[in-house]
Amino acid sequence: MKEAAHSRLTRLRDHLVAFDPGLLRLTAALRTVGAIALTLAVLASLGFDITRLVAGAMTAMVATFAIRERQRGAQAVTLAFGLPLALVSASLGAVLGERGLVGEAFFVVLIFCAVYSRRFGDRGTALGLIGFQAYFVSLFVGASVSELPGLWVALAVAFASSALVRFAVLPVTPTRVLERLRQAFRARLGQLVSAHLALLDAGPDEVDKALEEVREGTARLHETALMIQSRLEEGTPDEQTARLVQRRIADAEIAAERLGLLLLSARSAERADTLTLHLPGAPAPEVGRLPGPDEAIDRLRRDLLALRALVLWTGTAGTGMAHLRNRLLAYRDEENLPPASPAVQDVFRAIGETARAVMGLRVALDGPQDESDDSPATARSREELDAEDAAIDAGEEPEPEASRTGLQRPTTRAAVQVTVGSVLAIVGGELLSKGRWQWAVLTCWIVFINTASTGEILVKGYRRLLGTVFGVAAGIALAAVVGRHTLAAFLLVLVLIFAMFYTAPLSHTLMSFFVTAMLGLLYTLLHTYSWEVLVLRLEETALGAACGAVAAALVLPVNTDRRTNELLVTVLERLAEVTEAAVGQLSGGPAADLLDKARELDQALGDLRGATRPLTHPVTPLRARRANARYVVALLETCAYHARSLAATAELLPSHPSIAADPRLRGAAERTVRNIRTIAARVSGEDTTGTVETGPSIASLLGEEGTGRYGSITGRVLRHLERLDEAVVGLARPLRVQVSAPDR
């Protein structure tokens, strides 16, 4: 009974960790709710009225979520600077709030400064947000000069509560966050192997659903890998350890993605395209029964189950787990493969490679393992890993990029746009309501956060308006249920705040829904509630979103196409750099910092993916354009996968005994690199006449002896180069670049 309960708890924990990598959202929500609850408890015990309680709760909320720095010392410094800034800002709000034009003019100046301060990094962003929100809180509660001493106490208690919860009640260190992210990576890798199992057993009518689960699992695993990479420097003791973990994470991700691709290929009548794993909604290739004897298929199913158990195992490896590991690693030796078709044997080999990656990841994260039960195949894999670990060095520091100046700087442009939008929101808000115009300004402010183009602002404004519509209805219902019960209202406020911060990174619509519902309860507590007030909130939100969109479209606009083209060029440049450096090293050239180059490619691709969301949003009327954008991003993700695989293989070269440089690879890959740069020049407008070249397959350029079997590194490199070459040529059509074949 106890074992069953423990197993259920473990599965629940794994699902939670996989759904919220690093528990970052859960921690942020609990911290915010804890700070607010502590603030309310202290202020209530001091006998403060409802107005001060609401002011303290709102200040505790902003003092908690505004701090984004990762080091605890930096967080403490920002909080220390934030308190006097909040006191001054709230005081100015009380003094100037009733002075009409003067107060509104100061609010506009404050908005400009708050947005412009983002150029100074996380601390500047946090202090700008605190200054803005403190002024807004003062206006929201209608603070007067005579009430300032009580307001100061409420703000001080809020900051103290936020600090206490952050540093004592729910402390989070970079090392602890990295540990949670590692658990999330393990859980998501286990879920991806489960998706592979579902794909193995899926019938003809179920294969599309199974393939979609593999796609989602692959994307989520990659998301967690990127999150780990962003935390490595702060969460590891030295740079060498960080690079080792980064390498092992990349190995595991690539091996798992290759396993899914080979499994899909084994079930298909023809070779499965890598693009199939990266294009959402793409139909699955026609599949049938796996070729080969039933014994091999049953064994494949058992081995996938064993691989999942190996991934999810968290204790010390006992005899049973060591036996599973040894059996899977033996598939890396040709003689241990079961009788089956070549395609099915490739899947067994991929299981062995994934098991090796899992073992390497465990060694990198948990230190030396018990080797007493190692088989010869396991001992060889361990020796390879040790040699690779010894070859990892610190690498070179990346050169800083040239920054833009003047109005071309993103922070300056955003500050000017928000300021103009806020002026429009104030004017329009005054026409709707003399006392509630702040909501229009707040919405205008929010739609500019984490957006960089007119399309992104439009989508965010639409989502906020949609969430507000449903939130108004929820606020009316909750206010009717709660009535004048203060304690129940505050408890519901805490629940809604938790939901707001837990869902904020996932959906701006959900966040807006919870915010608006919470406001209905706050108005109830302040005895200013009416359904007309919530409807006015909806009107002010629509006005603020419209003002933000107008300002973004007319003042220093950043066209969505222009921004996506800029980011597309960056992705192509990073792709060319990774490919050229990896092939150069595989050809016998000097070692390059391939891990950092691959990470820069992933980051650039992530930026492009975010910038194309306005083009791929379901409400966009341009269906062909949406399909084109999704296709281009999917092709680029396919290219990035093959480039990462090339980089990972090239990193093995200095230490792996079975890998030797092949000088012919450089010449074979020249066409691919040249095509990538041609497309980049065409998209950027530098060269409108360049064409993408096609020709003989890369394998044929090396001769028949270069094709090799799956275990041959040269053969594997050739496969990745060929798929990369095909994907790059495939980019030409949607990007309107001419394709030409060489003269025969």
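Being a predicted model, the structure only gives us computed values, none of them experimental. Numbers for residues simply follow the sequence, beginning at 1.
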Legend entry - Main-chain N/O of Pro338 paired with Gln345 side-chain donor or acceptor, under 3.5 Å: yes
Inset, instruction - Considering non-hydrogen atoms only, spot the tightest contact between Val311 and Gly190 and give its length. - result: CG1-N, 3.6 Å
Inset, instruction - Search all heavy atoms of Leu192 against all heavy atoms of Ala256 and return the closest pair with its distance. - result: CD2-CB, 3.7 Å
Inset, instruction - Give, for atom CG of Leu200 and atom CD1 of Ile297, the distance between the pair rounded to the nearest 0.5 Å. - result: 7.0 Å
Legend entry - Main-chain N/O of Asp20 paired to Arg25 side chain as donor or acceptor, under 3.5 Å: no
Inset, instruction - Check side chain to side chain donor-acceptor pair (under 3.5 Å) between Asp303 and all other residues, then give those that pass, not counting sequence neighbours. - result: Arg327, Tyr331
Legend entry - Any donor-acceptor pair under 3.5 Å from Ser230 side chain to Met227 backbone: yes
Inset, instruction - Apply the test side-chain contact (heavy atoms from CB on, under 4.5 Å) to residues Arg325 and Arg362: give CA-CA distance (whole Å), side-chain angles for both, the deciding distance (0.1 Å), then the verdict. - result: CA-CA 12 Å; Arg325 179 197 61 200; Arg362 191 178 298 277; over 6 Å; no
Legend entry - Partner residues of Arg308 under the salt bridge (charged side-chain N to carboxylate O under 4.0 Å, His left out) criterion, sequence neighbours left out: none
Inset, instruction - Taking all heavy atoms of Ala187 and all of Leu312, pick out the closest pair and write down the distance. - result: CA-CD2, 4.3 Å
Legend entry - Leu572 side, atom CG; Leu601 side, atom CG - distance, nearest 0.5 Å: 9.5 Å
Inset, instruction - Decide yes or no for Leu189 and Val358: does some side-chain heavy atom of the first lie under 4.5 Å from some side-chain heavy atom of the second? - result: yes
Legend entry - Side-chain heavy atoms of Asp596 within contact of Arg243, under 4.5 Å: yes
Inset, instruction - Could you tell me which residues satisfy side chain to side chain contact (heavy atoms under 4.5 Å, CB included) with Ala355, sequence neighbours excluded, listed by chain and number? - result: Leu307, Leu310, Leu328, Leu329
Inset, instruction - Look up atom CZ in Arg719 and atom NE2 in His642, then write down how far apart they are to the nearest 0.5 Å. - result: 11.5 Å
Legend entry - Atom pair CZ/CZ of Arg180 and Arg231 - distance to nearest 0.5 Å: 11.0 Å
Inset, instruction - I would like to know whether Leu300 and Ile351 meet side-chain contact (heavy atoms from CB on, under 4.5 Å); could you show each step before the answer? - result: CA-CA 9 Å; Leu300 181 58; Ile351 289 176; 3.4 Å; yes
Legend entry - Qualifying residues under side chain to side chain contact (heavy atoms under 4.5 Å, CB included), relative to Thr691, sequence neighbours excluded: Gln738, Ser740
Inset, instruction - Compare all side-chain heavy atoms of Leu264 with those of Val214 and state whether any distance is below 4.5 angstrom. - result: no
Legend entry - Pair Arg215 + Glu637: basic N to acidic O under 4.0 Å: no
Inset, instruction - Inspect the contact between Glu179 and Arg182 and indicate whether a charged nitrogen and a carboxylate oxygen are less than 4.0 angstrom apart. - result: yes
Inset, instruction - Search all heavy atoms of Leu221 against all heavy atoms of Phe185 and return the closest pair with its distance. - result: CD1-CE1, 3.5 Å
Inset, instruction - Would you give the length of the straight line joining atom CZ of Arg630 to atom NE2 of His278, rounded to the nearest 0.5 angstrom? - result: 14.5 Å
Inset, instruction - Mind running side-chain contact (heavy atoms from CB on, under 4.5 Å) on Val583 and Val673 for me, showing each step along the way? - result: CA-CA 10 Å; Val583 172; Val673 174; over 6 Å; no
Legend entry - Check: His720 and Arg258 side chains under 4.5 Å, non-hydrogen atoms: yes
Legend entry - Minimal non-hydrogen separation, Ala576 against Ile676, with atom names: CB-CG2, 3.8 Å
Legend entry - Pairwise side-chain contact, Ile679 with Val683, heavy-atom cut-off 4.5 Å (strictly under): yes
Inset, instruction - Please answer whether the main-chain N or O of Ala648 pairs with a side-chain N or O of Arg247 as donor and acceptor at a distance below 3.5 Å. - result: yes
Inset, instruction - Starting at CZ of Arg723, measure out to CG of Leu261 and round the result to the nearest 0.5 Å. - result: 8.0 Å
Legend entry - Glu223 vs Arg188 side-chain heavy atoms within contact, under 4.5 Å: yes
Inset, instruction - Please name the pair of heavy atoms, one in Ala732 and one in Val739, separated by the smallest distance, quoted to 0.1 Å. - result: CB-CG2, 3.5 Å
Legend entry - side-chain contact (heavy atoms from CB on, under 4.5 Å) between Arg299 and Phe348, worked out: CA-CA 9 Å; Arg299 186 172 173 181; Phe348 280 102; 4.1 Å; yes
Inset, instruction - Apply side chain to side chain donor-acceptor pair (under 3.5 Å) to Ser645 and list each qualifying residue two or more places apart in sequence or on a separate chain. - result: none
Inset, instruction - State, with a plain yes or no, whether a side-chain heavy atom of Leu735 is found less than 4.5 Å away from one of Leu568. - result: yes
Legend entry - Asp251 vs Leu361 side-chain heavy atoms within contact, under 4.5 Å: no
Legend entry - Ionic contact status for Arg599 with Asp602, cut-off 4.0 Å: no
Legend entry - Residues that Arg563 engages under salt bridge (charged side-chain N to carboxylate O under 4.0 Å, His left out), provided they are two or more places apart: Glu456
Legend entry - Donor-acceptor pair, side chain of Arg574 and main chain of Leu605, under 3.5 angstrom: no
Legend entry - Ion pair check, Glu693 and Arg674, cut-off under 4.0 Å: yes
Legend entry - Criterion salt bridge (Lys or Arg N to Asp or Glu O under 4.0 Å) against Arg677, the qualifying member of Glu573, Glu580, Glu577: Glu580
